[in-house]
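What follows is a set of notes on a single structure, which appears directly below.
In this text, all values refer to a predicted model and were calculated from it rather than measured experimentally. Within every chain, numbering begins at 1; the chains are lettered A, B, ... in the order of the sequence lines, protein sequences first and strands thereafter.
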There are 2 protein chains.
Amino acid sequence: MTKPAAVIVDTAHSPHARLCPVPVDTVQLEDEFWEPRRRVNRETTLPSQYKHLEDTGRLNNFRRAAGTLDAPFEGIFFNDSDVYKWLEAASWELAAGDNPPLQAMVDEAIELIAAAQQPDGYLNTYFMFEREAERWSNLKDMHELYCAGHLMQAAVAHRRATGSGKLLGVARRLADCICNVFGRKAEGKKEQTDGHEEIEMALVELYRATGEERYLRQAQFFLDVRGRGTIGGGAYHQDHEPLRELNRMTGHAVRAVYYAAGAADAVAESGDEEMHAALERLWGNMVFRQMYVSGGIGSRYEGEAFGKDYELPNERAYTETCAAIGSLMWNWRMLQLDADARFADIMEVALYNGVLAGISLDGQSYFYQNPLADDGTHRRQPWFGCACCPPNVARLLAQLPGYFYSVSEEGVWAHLYAANTARLALPQGGTVVFKQRTRYPWEGDVELEIVAVDGTAAEEEWTLFLRVPLWCRSFSKPKINDATIEITRPKQGGADYMAMRRRWQAGDKVKVSFIMPVRRVECHPHVAENHGRVALMRGPLLYCLEAEDNRALDLRDVVLSPRARLWTDERAELLGGVTALVAQAEVTPLGSDYDELLYFTAYNHPKKQPTQPIEITAIPYYAWANRAPGQMQVWLRTR
Amino acid sequence: MTKPAAVIVDTAHSPHARLCPVPVDTVQLEDEFWEPRRRVNRETTLPSQYKHLEDTGRLNNFRRAAGTLDAPFEGIFFNDSDVYKWLEAASWELAAGDNPPLQAMVDEAIELIAAAQQPDGYLNTYFMFEREAERWSNLKDMHELYCAGHLMQAAVAHRRATGSGKLLGVARRLADCICNVFGRKAEGKKEQTDGHEEIEMALVELYRATGEERYLRQAQFFLDVRGRGTIGGGAYHQDHEPLRELNRMTGHAVRAVYYAAGAADAVAESGDEEMHAALERLWGNMVFRQMYVSGGIGSRYEGEAFGKDYELPNERAYTETCAAIGSLMWNWRMLQLDADARFADIMEVALYNGVLAGISLDGQSYFYQNPLADDGTHRRQPWFGCACCPPNVARLLAQLPGYFYSVSEEGVWAHLYAANTARLALPQGGTVVFKQRTRYPWEGDVELEIVAVDGTAAEEEWTLFLRVPLWCRSFSKPKINDATIEITRPKQGGADYMAMRRRWQAGDKVKVSFIMPVRRVECHPHVAENHGRVALMRGPLLYCLEAEDNRALDLRDVVLSPRARLWTDERAELLGGVTALVAQAEVTPLGSDYDELLYFTAYNHPKKQPTQPIEITAIPYYAWANRAPGQMQVWLRTR
């Protein structure tokens with residue numbers, strides 16, 4: 001059995017995808033931002049999560065199902081999915097290199113899972129023994145297909161990362177079981193789907209990993225059957241309207257983006273224009289009406305859901321870490337379909353802010369919710385009863401090198417920036433080895449050197465596409481081998497790729513400098529809480545004020561005038577090394593008059609205290625809540 | 001059996017209450033604001049609600065429990081409470097005068113209730129037959145004591161309003177059953193209380209209505225036992241800290257204010273300074289940190305709960321109608337304790353705004369949530385599965401005349417203003433008949449004439465206390481019989497009563513004019529959504545913009561400058577007759593550039609459209625959503 005390419009979403013044979021991801025193990029991150037985090041993920045996060053899986057009975061549930069442990073089921077009914085997601089994360093990590101301790105955990109987990117599978121392929125440790133009769137009886141609530149989907153994703157990852165077919169075999173047997181049970185009523189099957197989407201993208205990838213078209217058809221069935229009150233659900237389950245008719249992202253946010261991601265996977269195979277158009281509509285609604293400046297989505301605590309358009313409270317933001325990851329996953333699929341830099345931009349914003357804030361610097365505690373303001377009470381936790389987020393973050397960090405580039409018949413696409421060496425096979429043949437040198441996200445200078453090139457890639461012209469981030473308003477004209485070149489940049493001032501086409505040779509160097517000023521970001525006036533406020537960004541990073549750097553201030557009383565001077569401050573010792581932002585601002589402390597006045601008029605207006613000039617220090621949002629608890633504020637008052 | 005006084009909270013014999021309410025039937029409202037609403041309540045709302053009780057099986061549940069109907073239990077497990085609350089409302093209505101159709105409904109309901117009571121006094125139609133063994137087994141969730149409390153309140157109201165002891169007998173038997181079951185573990189009883197407070201204030205009033213001290217002790221037990229994880233609940237159930245230690249209003253808002261109201265009742269009897277001080281603290285937290293400008297409370301959808309301090313979103317305000325009513329009930333009790341006008345002011349704000357918005361002008365549909373901004377989708381409903389709010393509003397309107405005055409050894413206290421005739425018995429003996437003439441809330445002129453006075457009231461000096469509303473910054477010096485008098489007004493610019501002491505004679509007339517300008521109300525800067533915004537109020541009324549009066553505008557784009565001219569416009573034909581507010585404002589429509597820009601900087605700032613002067617019309621907040629659906633906005637942008 002040859003080892004397939006360890007790609008995150010395999011569109012190599014998808015007729016309607018313009019791009020194809022590159023294997024995780026062909027890109028070696030060598031930077032100071034991501035690679036240290038990946039090391040923490042590998043050495044600390046994944047082993048500690050495995051211990052949580054063991055300590056909380058999640059692994060025991062498999063032992064119980066296999067009959068080797070006589071104990072009650074422990075935890076929540078969808079806890080199998082945490083094991084699968086961890087296994088997927090660990091598998092991607094194994095793709096990057098030998099890791100015997102991790103390998104041992106992976107092997108143990110797979111043994112447990114395989115032993116728990118039923119003769120008919122069914123596998124869910126909750127619905128065993130006394131609950132056997134309840135299998136597939138409550139699709140709306142019980143997450144059986146959701147758990148199955150995570151098993152399939154883990155199996156595909158494990159196969160692509162290691163070449164082993166063991167877990168893939170388990171997943172196939174479960175998928176076959178599902179295909180036998182679910183389908184059109186006319187065929188005598190359950191015409192239903194799961195309350196929590198996930199199975200759709202899993203089945204498309206399982207099709208890609210196995211070539212079994214039945215799985216693709218089944219994914220399409222699950223996508224099409226939803227939305228007619230199919231499962232007795234409503235907008236919360238995206239069961240109120242068929243996908244093709246949806247106009248806005250609605251209901252439980254993680255479900256909604258997993259749904260959209262699965263649909264994008266299906267479109268890559270089918271080319272279904274109606275579904276593609278629906279995804280475009282939904283993307284526009286999410287990005288232009290419902291997304292936090294952090295890339296987080298799903299503003300409502302109630303139902304962990306999308307709210308109304310422009311409903312984006314800050315302190316009360318729900319913005320589940322998993323939802324930001326789901327957005328990234330969906331945008332990754334849209335990017336492969338269309339090669340449109342818009343999608344890479346949303347990925348980047350979510351990655352550096354909404355997702356990365358979800359894990360502590362030490363890699364051992366997690367946010368479930370990611371507010372954009374806090375009074376010091378919201379803190380990361382080492383684990384959760386509903387532990388979807390921790391292994392989801394671990395999975396993303398494990399996959400990360402796979403998101404940096406794509407290839408196509410046209411050439412090579414660089415989506416993200418961080419120092420790395422990449423050995424990329426081009427579809428037309430041949431290999432090109434890049435060395436990317438940059439201090440991104442702290443600096444905007446990027447150099448790409450062609451270290452080696454061979455085969456067709458050396459003989460024929462191809463295009464190097466470099467993403468111009470949406471945040472970048474100006475950049476130096478790129479140089480190839482120190483000669484400035486003119487590039488076409490079709491879109492005015494939007495996210496885009498600059499295209500450099502030539503016959504590339506070893507030693508060729510491309511240099512570009514994305515000018516990275518501090519940006520004062522304003523918000524659409526219909527976002528009620530952000531009226532008269534401004535957020536600070538630099539490059540892809542969102543910044544915030546945190547109490548620790550701004551002592552003795554109530555951050556809610558800080559005013560940043562439009563003319564305030566702002567500068568950067570590289571702080572190697574701070575929060576693992578960050579470029580902080582420093583600004584001249586003002587604070588108008590509230591006097592004690594305000595203590596007993598919530599509402600007032602000109603006649604009893606509380607006395608204003610003298611306004612004082614102060615210096616404020618902002619840190620990257622992803623790094624907040626890693627020190628003593630205190631206030632945090634992203635959106636600052638301005639004049 | 002003599003008919004007792006039909007008072008809302010009987011503090012006549014409470015050693016620690018300074019004031020005593022006056023019977024509902026001694027005040028005849030003769031005004032054009034409240035009396036038409038009371039007529040609708042009597043003629044439309046109460047009969048239509050009784051029909052809902054019948055149609056939804058709420059009455060059938062009693063027939064079933066009595067064994068006269070063989071049918072399953074219908075609806076939610078706490079549905080009995082809706083019948084009781086309706087019965088309380090109808091009873092207060094009966095106090096006001098003969099009403100044979102309503103009397104027949106009341107009598108029927110009481111027959112059904114009495115027939116459903118069990119031999120040991122237990123009464124809850126959900127826990128019958130197959131669920132009998134589950135009685136009192138899940139105090140946290142199942143609302144048995146809550147339902148019992150509503151029965152007791154209804155029984156006390158029915159006794160005071162009609163003189164009949166029939167329902168009171170049922171309530172006593174249930175109360176005795178409860179006293180036998182709940183108490184200290186050392187006595188072999190259940191040391192628990194209910195997840196939803198209500199029983200506390202009910203038992204204190206039952207004690208007052210019967211003289212049975214056991215009920216007062218039981219109320220005190222329920223107040224004291226809570227807050228130590230007693231019921232396995234948390235902050236949602238106010239079970240996280242004992243009442244005496246609480247520093248802020250927390251958890252489910254209706255529960256929290258019912259709890260506080262019950263504690264205030266207990267303090268009137270006990271004089272418990274520690275509990276009194278806790279109530280003062282909690283009141284301050286609610287009023288200065290957690291109350292909407294409408295008087296609404298409980299900002300969070302999640303858990304129908306109080307949020308953090310200053311967490312007061314507008315469109316996403318939960319502000320349950322019942323919570324505003326509960327606040328009014330609590331404030332009424334605090335007012336009787338302390339005779340402090342602060343409490344009357346909060347009552348007034350809640351009554352005219354937060355509560356009154358809860359019912360449509362036609363008296364047949366209801367808001368459960370009361371947002372302060374809307375996109376036109378939030379509409380009143382004719383009934384709810386959880387129908388706590390409709391009978392709560394009906395109850396308040398039925399009680400309303402009872403809230404206008406109190407009496408004390410010192411004299412007579414006028415809390416609220418509306419044309420009425422009141423025949424008040426003074427504690428020291430004698431009766432005084434007032435005629436109050438005013439167009440309040442539309443105008444601030446108030447005349448009180450002593451139409452008749454007899455007994456000790458005619459022979460001795462007593463004080464007439466007239467509340468100066470907190471909203472009133474200036475008023476004409478009061479005149480007695482057209483002679484200006486000097487009055488002492490101890491507090492500077494706060495809510496207060498002006499005190500006029502003399503020997504009053506028939507024909508004496510007091511006139512005062514509370515100047516009633518339009519007020520631009522600002523909000524504490526830590527309320528994130530209200531930064532840079534202003535609300536309009538006049539007298540006790542909060543105003544809002546509604547689409548119907550402001551066509552072709554997006555209300556979110558309206559800017560009211562601090563110097564904008566504002567005037568009143570009496571509109572007899574509008575919304576049952578209102579004084580509207582008209583203002584010169586500006587609107588800056590958002591161009592289509594904003595459609596695809598949620599965040600932007602100076603470099604890609606959307607083009608601003610020209611600002612246009614416009615005239616805007618604001619209506620009283622209570623009257624919104626009585627016409628075609630459309631946007632509504634309380635807090636307007638300002639410069």
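A:H526 and B:D554 make their closest contact through CE1-OD2, 3.4 Å (heavy atoms, listed as atom of the first residue, atom of the second, distance). Nearest heavy-atom pair, A:Y594 versus B:P525, reported as atom, atom and distance to 0.1 Å: CE2-CD, 3.4 Å.
With respect to chain A, the highest number of heavy-atom pairs below 4.5 Å among B:M291, B:R300, B:H605, B:R533 belongs to B:R300. In terms of heavy-atom pairs under 4.5 angstrom with chain A, the leader among B:L590, B:L597, B:V527 is B:L590. Listed options A:R520, A:Q290, A:H531 were ranked by heavy-atom pairs under 4.5 angstrom with chain B; first place goes to A:H531. Annotation: maximal heavy-atom pairing with chain B below 4.5 Å, among A:R519, A:E311, A:R637, occurs at A:R637.
One distance of note links CG of B:N530 with CD of A:E529; it measures 9.5 Å at 0.5 Å rounding. Considering CD of A:E302 and OH of B:Y301, their distance stands at 7.0 Å, rounded to 0.5 Å. The CG atom of A:N604 sits 4.5 Å away from the CZ atom of B:R473 when rounded to the nearest 0.5 Å.
For A:E315, the part sitting under 4.5 Å from any heavy atom of chain B is the side chain, from C-beta outward, and nothing else. Contacts of A:V287 with chain B are made by backbone atoms alone, with heavy-atom separations under 4.5 Å and no side-chain atom involved. If you measure heavy-atom distances from A:R289 to chain B, the contacts under 4.5 Å come from both the backbone and the side chain.
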Start with the C-alpha gap between B:D375 and A:D309, add the side-chain angles, then the distance that decides, and say whether side chain to side chain contact (heavy atoms under 4.5 Å, CB included) holds.
CA-CA 10 Å; B:D375 59 3; A:D309 288 355; over 6 Å; no
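Counting heavy atoms from C-beta on, the side chains of A:Y310 and B:R556 come closer than 4.5 Å. No side-chain heavy atom of B:K308 sits under 4.5 Å from any side-chain heavy atom of A:R316.
Among B:L542, B:V349, B:V521, the single residue meeting the side-chain contact (heavy atoms from CB on, under 4.5 Å) criterion with A:Y599 is B:V521.
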